[in-house]
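What you see is a predicted model, and the numbers here were worked out from it, not measured in a lab.
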Amino acid sequence: MKTLVIGDTHLKQKQILPRVDAAIAAYDAQRVVFLGDYCDDWGASDSFALESLHAFADWVAERRGQGLAVDAVLGNHDMRYLMEEDGPGTQWGIMEKVHEILDGLGIVMAAEANGYLLTHAGVTSSWADDNFDLAAWDAAHASAANAARL
């Protein structure tokens, strides 16, 4: 399955999503994996943040409805809203609304694509040492299992 992997959008969904649509068409992709950090951008107003996140949620729902597989992986900025904790760039005044939007995306901790484990910022070496059996490495199977475990 052809998969597009998209890094941090940080409220730039209106600029990025048309390019994602173009890449889907150009490469005949059947899946898109976003790697988190949908929230927070320097100087973004609360209304701009909500508008951007709603646009993203609408895009995801529409594409899923059209049969495109869309995965939303959790980023560290997103986690702050889901945990309702303040952090770098967090817009406290819209915490609950952002939490609701993110919750509706079906966010996962990790995904697997073509034998690759996809996360926002990788995994720690101690977790990898405890969970990766390199002697019996089967990338596709191990990555899917590790994504599910996360």
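- Counted within 6.0 Å of CD on E84, heavy atoms from surrounding residues, nucleotides or ligands total more than 12; the atom is thus considered enclosed.
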Do Y81 and E96 pass the side chain to side chain contact (heavy atoms under 4.5 Å, CB included) test, and can you show the C-alpha distance, the side-chain angles, and the key distance before you say yes or no?
CA-CA 8 Å; Y81 291 93; E96 289 181 29; over 6 Å; no
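- The heavy-atom pair separating L102 from D78 by the smallest distance is CD1-O, 3.8 Å.
- Side-chain atoms of H120 and N76, non-hydrogen and from C-beta on, do get closer than 4.5 Å to each other.
- Note: H10 and H77 have perpendicular aromatic rings, judged against thresholds of 30 and 60 degrees for the angle between ring planes.
- Distance CG/D46 to CD1/I94: 4.5 Å, rounded to 0.5 Å.
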CA sep, side-chain torsions, deciding dist, call: V32, V60, side chain to side chain contact (heavy atoms under 4.5 Å, CB included)
CA-CA 10 Å; V32 178; V60 169; over 6 Å; no
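- Contact detail for L53 and I101: the closest heavy-atom pair is O-CG2, 3.8 Å.
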Walk me through it: do D37 and T9 pass the test side chain to side chain contact (heavy atoms under 4.5 Å, CB included)?
CA-CA 6 Å; D37 279 0; T9 54; over 6 Å; no
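- A113 approaches T3 most closely through the heavy-atom pair CB-CG2, 4.1 Å.
- Linking ILVMFWY residues whenever their side-chain heavy atoms come closer than 4.5 Å, directly or via other members, leaves Y27 and L68 in distinct clusters.
- A perpendicular orientation is assigned to the rings of Y38 and F34, their planes being inclined by more than 60° (bins at 30° and 60°).
- Checking side-chain atoms of Q13 against main-chain N and O of L11 turns up a donor-acceptor pair under 3.5 Å.
- Rounded to the nearest 0.5 angstrom, H99 NE2 and C39 SG are separated by 11.5 Å.
- Residues W59 and V20 form a side-chain contact, since some pair of their non-hydrogen atoms from C-beta on lies under 4.5 Å apart.
- Between atom CD of residue Q30 and atom CG of residue L4 there is a gap of 9.5 Å, rounded to the nearest 0.5 Å.
- The two atoms that bring A49 and Q91 nearest to each other are CB-OE1, 3.4 Å, heavy atoms only.
- Checking side-chain atoms of E112 against main-chain N and O of N114 turns up a donor-acceptor pair under 3.5 Å.
- For the pair D71 and R31, the salt-bridge criterion is met [side-chain N within less than 4.0 Å of a carboxylate O].
- Checked by atom type and distance alone, the side chain of E100 never pairs as donor or acceptor with a backbone atom of D103 at under 3.5 Å.
- Side chain of R19 to backbone of Q15: a donor-acceptor contact under 3.5 angstrom is found.
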Show the numbers, then the answer: is there a side chain to side chain contact (heavy atoms under 4.5 Å, CB included) between E62 and Q66?
CA-CA 6 Å; E62 184 177 324; Q66 295 168 350; 3.5 Å; yes
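- A distance of 9.5 Å separates CG in L17 from OG in S52, rounded to the nearest 0.5 Å.
- Taking 4.0 Å as the cut-off between side-chain N and carboxylate O, D21 and R63 count as a salt-bridged pair.
- You'll find the side chain of L35 stays beyond 4.5 Å of the side chain of T119, heavy atoms only.
- Counting heavy-atom neighbours within 6.0 Å of F48 CZ, excluding the residue itself, gives a total above 12.
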